[in-house]
Peer 1: 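Structure provided below as structure tokens; questions to follow.
Only heavy atoms go into these numbers, but all of them, side chains included; no hydrogens, no water, no symmetry mates. None of the values given here were measured: they were computed from a predicted structure.
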Amino acid sequence: MDIASFLALKEFDGIDERIRDVQHQMELNRFNLFTISSYNSYLENFHSDVIKLLLDPQERHGHHSVFLDLFLDYLISLGARIDKSQYTLCELTRERGNIDIWIKDPTSKRSIIIENKINNASDMENQLENYYNYAHLCGFQVDSILYITLHSNKNAPWTDNIELNSKILNISAFKNNDDLCQGWLEKCYEMAADEHSRSFIFQYLKLIKHLSQHGMDREIKEDFYKIVSSAEGYQKAKAVASLVAGLDQYRTDLLVEKINGDYAPFKKIYRYRPNHQLFERYHDNDILFKVDVQLLSGGNAQIDFWNPDQPHEIQKHNVSEKLKSLGLYDDFEHGGAGGGMYRYFDSGKIGSIEEVDKELFYYLMAFFKKLR
């Protein structure tokens, strides 16, 4: 299979749109109240505190057992054997017997254990067995043990207790229709009766999705994994990756070849970086000008026209006046690599990489001609 046939595989169909969608979702969820601080939201206790606050009928959200009822419904939908009538007088504790969150009804003596691993904390030796035994010592039956991770990055460790194993539910905070966000938190958001609670839940939902950003593209990676599983597929993928890595250098090589030494009035050229070509030593009325051409990732490109070794305001004036004299001032914007003015070639507006490179070449040659 040649590289063209490899890239034409149906598994690659729409992969760019899928990746852009994932990146868009990442960006949407990046801005939320909890990420203002890089401290609290990355602590295991933080997530347990928030979940416990929402579940506890006695907490300040003022919704009594509404959020807890939704949570129990969610667990039942996942297959947990829970009788909601046995949880009408619930109490919730944090770190009792080292249990992250313990939901228990002192009348029915039924309980649910929640082990929070959203921040991927390691498992202690015999952790779940110890929680299970502690609950029994306190006189409570355990209906379910929830092991919550961020995006199914791991499951609860198996124990020697078959009955305990049967009660374990592995839950993703954010992954699919069975996750904590869609199965519970979004329903809490819909049921919240006041703006304060709705806002709090909405911000926490955004935080969970933000923290899950590295797993949001799991489906795409799974498809790619299937493609490269064979030895031939892996070698083709390595070849494509190598070609992509060197593409901007190759684009720059092609540009210089097409210019073919016709870069006057500049007297010197050299390659600053593999994808960054410099044109230097053009003097006009004792003002030194320089052009940088960059072939950028994503198929974009940029021309920078500047006046080196001058204070910003003088350079801005010199470059602006020169471009105005050529009738090209409106083609450029202030700023860029040299601090003068630049023209950007956007593949999103122009089209293919080849079309960008053609437009760059013709514009650059016309620019040199006007300077001459």
Peer 1: Kindly write out the residues that satisfy salt bridge (Lys or Arg N to Asp or Glu O under 4.0 Å) with R251, not counting sequence neighbours, or none if the list is empty.
Peer 2: D248, D357
Peer 1: With sequence neighbours left out, write down each residue that passes side chain to side chain donor-acceptor pair (under 3.5 Å) with S166, or none if nothing qualifies.
Peer 2: none
Peer 1: Checking H136 against Y132 for the ring pair (Phe, Tyr, Trp, His ring centres under 6.0 Å) test, could you report, in this order, the C-alpha distance in whole Å, the side-chain angles of both residues, the deciding distance, and whether it holds?
Peer 2: CA-CA 6 Å; H136 278 273; Y132 187 74; 4.6 Å; yes
Peer 1: Rounded to the nearest 0.5 Å, what's the gap from CG on N300 to CD1 on I350? Could you check?
Peer 2: 8.0 Å
Peer 1: Measuring centre to centre across the rings, with the benzene-like ring taken for any Trp, is F289 within less than 6.0 Å of F305?
Peer 2: yes
Peer 1: Which residue, L180, D178, D179, forms the side chain to side chain contact (heavy atoms under 4.5 Å, CB included) with S172?
Peer 2: D179
Peer 1: Kindly compute the distance separating CG (L68) from NZ (K84), expressed to the nearest 0.5 Å.
Peer 2: 8.5 Å
Peer 1: By the salt bridge (charged side-chain N to carboxylate O under 4.0 Å, His left out) test, which pairs, at least two apart or in different chains, include something from residues 309-318?
Peer 2: none
Peer 1: If the threshold is 4.0 Å, N to carboxylate O, is there a salt bridge linking K322 and D284?
Peer 2: yes
Peer 1: Ignoring hydrogens, what is the shortest heavy-atom contact between Y189 and I201? Give both atom names and the distance.
Peer 2: CB-CG2, 3.8 Å
Peer 1: Are R81 and D143 ion-paired here, with the side-chain N under 4.0 Å from a carboxylate O?
Peer 2: no
Peer 1: E59: which residues meet the side chain to side chain contact (heavy atoms under 4.5 Å, CB included) condition with it, sequence neighbours left out?
Peer 2: K52, L53, D56, H61
Peer 1: Determine whether N161 and T159 satisfy the following criterion, side-chain hydrogen bond (donor to acceptor under 3.5 Å, both in side chains), listing intermediate values before the conclusion.
Peer 2: CA-CA 5 Å; N161 187 325; T159 73; 5.5 Å; no
Peer 1: Under the criterion side-chain hydrogen bond (donor to acceptor under 3.5 Å, both in side chains), I'd like the reasoning laid out for D331 against Y363: C-alpha separation, chi angles, the key distance, then a yes or no.
Peer 2: CA-CA 10 Å; D331 289 354; Y363 190 92; 2.7 Å; yes
Peer 1: If I take atom CG from residue D330 and atom NZ from residue K324, how far apart are they, to the nearest 0.5 angstrom?
Peer 2: 9.5 Å
Peer 1: Taking salt bridge (charged side-chain N to carboxylate O under 4.0 Å, His left out) as the cut-off, I'd like each qualifying pair that reaches into residues 62-72, sequence neighbours left out, listed once.
Peer 2: none
Peer 1: Through direct or indirect side-chain contacts below 4.5 angstrom among Ile, Leu, Val, Met, Phe, Trp and Tyr, which residues connect to L254?
Peer 2: Y250
Peer 1: Please, which pairs that meet salt bridge (charged side-chain N to carboxylate O under 4.0 Å, His left out) have at least one residue in residues 252-261, sequence neighbours excluded?
Peer 2: D253-R271
Peer 1: Are F140 and W102 close enough that their ring centres sit under 6.0 Å apart?
Peer 2: yes
Peer 1: What pairs with S297 under side chain to side chain donor-acceptor pair (under 3.5 Å), at least two apart in sequence or on another chain?
Peer 2: none
Peer 1: Taking side chain to side chain donor-acceptor pair (under 3.5 Å) as the test, write out the residues that go with H334, two or more places apart.
Peer 2: Y329
Peer 1: Counting distance only, does the side-chain N/O of S108 pair as donor-acceptor with the main-chain N or O of Q86 below 3.5 Å?
Peer 2: yes
Peer 1: Other hydrophobic cluster members with Y270, side-chain heavy atoms of Ile/Leu/Val/Met/Phe/Trp/Tyr under 4.5 Å, chained?
Peer 2: Y272, L278
Peer 1: With sequence neighbours left out, which residue pairs that include part of residues 186-204 fulfil the salt bridge (charged side-chain N to carboxylate O under 4.0 Å, His left out) condition?
Peer 2: E186-K209
Peer 1: Side chains of residues 259-269: which donor-acceptor pairs under 3.5 Å do they make with residues two or more places apart or in other chains?
Peer 2:
none

